[in-house]
There are 2 protein chains.
Amino acid sequence: LSTLRHLADGDAILKGLQSVFEEQAMTETIHTWEDHGYLATYINKNGSFASLRIYPHGLVLMDVQSYNNDLKGKEEIDNLLNKLEERMKELCQGNIGRLKRLPALVRGGKIDKYWPTADGRLVEYDIDEVVYDEDSPYQNIKILHSKQFGNILILSGDVNLAESDLAYTQAIMGSGKEDYTDKEVLILGGGDGGILYEIVKLKPKMVTMKYMRKTCGDVLDNLKGECYQEIPHGVIKS
Amino acid sequence: LSTLRHLADGDAILKGLQSVFEEQAMTETIHTWEDHGYLATYINKNGSFASLRIYPHGLVLMDVQSYNNDLKGKEEIDNLLNKLEERMKELCQGNIGRLKRLPALVRGGKIDKYWPTADGRLVEYDIDEVVYDEDSPYQNIKILHSKQFGNILILSGDVNLAESDLAYTQAIMGSGKEDYTDKEVLILGGGDGGILYEIVKLKPKMVTMKYMRKTCGDVLDNLKGECYQEIPHGVIKS
C-alpha cells in the first residue's frame, strides 16, 4: 500500500494510523529518523508483522507479512489494509496522488511463481506444477507448468520458452501460407530449436540453422539430421 | 531474499547476520517473539531500511527499502544483499532449500508499472510513458505505453488489451486465409471491439456483433455503422 501526497505531514499521518494498528492489538516500535521521516513496526501475537514507512517527501509505504497463507489470515490482512486505506483517505482529505495496493508476494512456498524477465521485471506466473527440476553439468533445468502458457522451460532461472510460443513460431513460419516441401531453408538464430522442430515436419529438402557460437558454444557443432544441419555463425558460405 | 532451511536455528542465523548489518553502520532493533521467531529491523543514516524475519520453521525473509533509485543506492543494496546471501550460505553450510532474490519493487515512482492480472498475479510491465490518464463518468481510463506490448488500455486498474493483441485478433480472423469481402459475419463476444475494427476494413456486407448486456450495459445499444451492427445478447433471431 503506497500513497503519494503533495504536502507531507508525517507526524499527523503516523498518529492517525496508530489507532488502526492498536485496534488489532499490535505492538508498536517507532523510529523517528532525523531527515528521513518515520519507521514504525507492528508485531502481532499471531505472528504477522507490519512496517509503516513515512518519507518526508510524502511517500507512505505499508508492508504486511504473515506466515500462514490460510483464508483467515488473508481476510485479517485485507481487513487491516482496508482500514489503513480508509484512514489515509480521511487524513489526506482526498489529497492523495496515488494509492496502490499490490497482490501479496508468496515467499518460501512449495512452488516458486516469480520468474523475472531478462530486463529485470518482476512477473508472477500461474504455475501449478513443477514438472522437472534438475541440475545438469551445465545449468539448472526446470520445466514448470502454467495454466496460461503450458509447460515453460527455465534454464538457471531464465525463462526460455513455453508451449504457448508455438503461435509465434507459426507466425514466423508464415502461418501456413508458405509451402516448405522440398525447399532449401535457412534459419538465422532460432537457438531454442522451436522453428527447426516445426519446420522439419513439413518435409523440406534441407534446413540450415545458423546460430551464434558466442551464446551456444560448441554444443550444437556437427549436429546433423536427415534434412537439417546446424552450423555456427561465420561458417556459412554463399 | 528468502531462504528455506530444513532445520531452523534462528538464533544462530540472527547472530551470524548481525555483523553484516553492523558493517553497514545500521542501527538494530530486535524483537524476539514467543513462538514466532525473530524480527530485526535495521535503519541506516542514509535513509535506507532493512527488515529481517526468521520464522521458527526455517523461513528467512529479508526486505531492504531505500528511497533513492540512483545507481549508488542500488549498488549499496546489491552489495548488502550479496553479503547477506554469502553469510547465509556459510551459516547453513549448503543446507538451503531455496534461495531467491526478487527484483526491487518501485513504489511511488512517476510511472506505475505494476498491473496485476485478473487472477491476482503481480506483473511488472516495461511501461515508459503515460499516454492518457483521465476519469470518465464510468471509470478511470489509462493508456500506457509498453516497449513490449505497445499502447495498453487499462480500465479502472484492469488491463484490457494492448496493440500487441492484434496478432491474436488476426489469428482469430484466420490469419488472412479467410476472405470476408461481401460476406455476412457474426461476432460472438469481442467486447473490446478489436475484431470488429479489423474486420470492417475487409469490406464485409454486414457484421453483427453480439455482446453481453450484463457486462456492457446499454453503452453499445443501437450502435450501427455502414456495414456493422452491435446487438446485446438475447436479441438475435435466426
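All chains are named by letter (A, B, ...) in the order of the sequence lines, taking the proteins before the strands, and each is independently numbered beginning at 1.
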Begin with the C-alpha distance, continue with both residues' side-chain angles, and end with the deciding distance and a verdict on salt bridge (charged side-chain N to carboxylate O under 4.0 Å, His left out) for A/R87 and A/E90.
CA-CA 5 Å; A/R87 183 63 52 86; A/E90 284 167 21; 3.5 Å; yes

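Every pair tested for ring pair (Phe, Tyr, Trp, His ring centres under 6.0 Å) that includes a residue from residues 75-113 of chain B fails, sequence neighbours excluded, so the list is empty.
Two residues are said to be in side-chain contact when any heavy atoms from C-beta on lie closer than 4.5 Å; A/M62 and A/L17 meet this criterion. No side-chain heavy atom of A/Y168 sits less than 4.5 Å from a side-chain heavy atom of A/L161. Looking at heavy atoms from C-beta onward, B/R101 lies in side-chain contact with B/N82 at the 4.5 angstrom threshold.
Sparse packing is recorded around CD of A/Q93, with 12 or fewer heavy atoms of other residues, nucleotides or ligands lying under 6.0 Å away. Heavy-atom contacts from other residues, nucleotides or ligands closer than 6.0 Å to NZ of B/K15 number 12 or fewer.
Within residues 151-159 of chain A, no residue approaches chain B closer than 4.5 Å by heavy atoms. Taking non-hydrogen atoms and a 4.5 Å limit, the residue list of residues 28-48 of chain A in contact with chain B, ordered by number, reads A/T29, A/H31, A/W33, A/H36, A/L39, A/T41, A/I43, A/N44, A/K45, A/N46, A/G47, A/S48. By a heavy-atom distance cut of under 4.5 Å, A/I111, A/D112, A/Y114, A/W115, A/P116, A/D119, A/G120, A/R121, A/L122, A/V123, A/E124, A/Y125, A/D126 are the residues of residues 111-127 of chain A near chain B, going up by number.
No donor-acceptor pair under 3.5 Å is formed between the side chain of A/R53 and the backbone N or O of A/L59. Of the possible donor and acceptor atoms, none in the side chain of B/S19 sits under 3.5 Å from a partner among the backbone N and O of B/E22. Here the side chain of B/D165 pairs a donor or acceptor atom with the backbone of B/A162 at under 3.5 angstrom.
Looking at A/D63 and B/R107, a side-chain N of the basic residue comes within less than 4.0 Å of a carboxylate O on the acidic one, giving a salt bridge. For the pair A/K72 and A/E75, the salt-bridge criterion is not met [side-chain N within less than 4.0 Å of a carboxylate O].
Rounding to the nearest 0.5 Å gives a distance of 4.5 Å between CD1 of B/I13 and CE of B/M88.
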